[in-house]
Amino acid sequence: MKIESYHSLDLTRAAAAFAALGSEQRLSVLRTLVRAGPEGLSIGALGDRTGVTGSTLTHHVKILASAGLVTQARQGRSIICAAVAFDEVQDLSNFLLTECCADSPNSDHDHG
């Protein structure tokens with residue numbers, strides 16, 4: 001049976017998401033947004049909390065958004081807010097954990 005049949009996240013999307021997390025700064029940005037909750041943070045507040053600012057922060061948020069892990073929305077005239085796409089992050093976690101210990105002969109784990 002193909003692995004895609006077990007998950008709502010296919011291998012291509014999972015690989016893109018994991019690649020996007022392959023930077024300490026991007027991982028820090030995502031972690032900060034997870035901690036902020038569904039409301040997200042303005043780009044300015046995100047920069048203050050992570051120490052990543054300006055075009056570097058914009059670049060990292062764009063990569064995370066392209067991977068489906070972060071959403072962006074304009075509020076008012078100029079404030080761009082970023083929030084975690086919690087469903088996508090959950091899918092990424094489930095992608096790893098669903099088959100936890102499946103090939104272990106002594107496994108009685110059920111993470112599905």
Side-chain angles (χ1 to χ4, degrees):
M1 199 179 278
K2 290 184 181 178
I3 195 166
E4 290 89 351
S5 66
Y6 288 105
H7 310 286
S8 62
L9 191 66
D10 65 33
L11 284 175
T12 302
R13 285 181 45 218
F18 283 118
L21 295 173
S23 154
E24 286 180 31
Q25 287 184 327
R26 284 193 292 275
L27 192 54
S28 175
V29 166
L30 184 66
R31 184 173 183 227
T32 299
L33 289 171
V34 167
R35 291 176 57 96
E39 309 80 41
L41 295 168
S42 69
I43 293 295
L46 182 57
D48 289 344
R49 291 186 189 186
T50 61
V52 181
T53 58
S55 60
T56 302
L57 179 59
T58 301
H59 170 74
H60 288 314
V61 170
K62 183 177 180 179
I63 290 172
L64 291 169
S66 292
L69 299 173
V70 169
T71 60
Q72 298 180 75
R74 187 170 292 276
Q75 282 188 344
R77 292 173 54 190
S78 61
I79 299 173
I80 298 175
C81 292
V84 172
F86 286 98
D87 289 344
E88 288 295 320
V89 173
Q90 184 67 50
D91 284 348
L92 197 56
S93 297
N94 289 341
F95 180 84
L96 291 177
L97 296 175
T98 297
E99 294 185 35
C100 175
C101 309
D103 294 335
S104 174
N106 299 320
S107 176
D108 61 357
H109 298 291
D110 183 15
H111 296 284

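All of these numbers come straight from a predicted model, not from anything done at the bench.
F95 and L11 make their closest contact through CZ-CD2, 3.3 Å (heavy atoms, listed as atom of the first residue, atom of the second, distance). In terms of heavy atoms, A83 sits closest to P38 at CB-O, 3.6 Å. Contact record, A16 with A67: O-CB, 3.9 Å, taken as the closest heavy-atom pair. Scanning both residues, G40 and A36, for their nearest heavy atoms gives O-CB, 4.2 Å. The nearest pair of heavy atoms linking G68 to A85 is O-CB, 3.3 Å.
Atom NE2 in H59 sits 5.5 Å away from atom CZ in R26 (nearest 0.5 Å). Going from atom OG of S42 over to atom CG of D48 covers 7.5 Å, rounded to the nearest 0.5 Å. Note that the CG atom of L57 and the CG atom of L46 stand 5.0 Å from one another [nearest 0.5 Å]. Atom CG in L27 sits 12.0 Å away from atom OG1 in T50 (nearest 0.5 Å).
By the criterion of side-chain heavy atoms lying less than 4.5 angstrom apart, applied directly or through intervening Ile, Leu, Val, Met, Phe, Trp or Tyr residues, V61 is grouped together with L41 in one hydrophobic cluster. Side-chain heavy atoms closer than 4.5 Å link hydrophobic residues (I, L, V, M, F, W, Y) into clusters, and following such links, possibly through other members, connects I43 to L69. Residue I63 is not grouped with residue V34 when hydrophobic side chains (ILVMFWY) are merged at heavy-atom distances under 4.5 angstrom, including chains of intermediate members.
Side chain of T56 to backbone of V52: no donor-acceptor contact under 3.5 angstrom is found. Judged by distance alone, the side chain of T58 and the main-chain N or O of G54 form a donor-acceptor pair under 3.5 Å.
Side-chain contact check for L33 versus L64: every heavy-atom pair is 4.5 Å or farther apart.
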Is there a side chain to side chain contact (heavy atoms under 4.5 Å, CB included) between L21 and L92? Walk through the geometry before answering. CA-CA 11 Å; L21 295 173; L92 197 56; 3.9 Å; yes
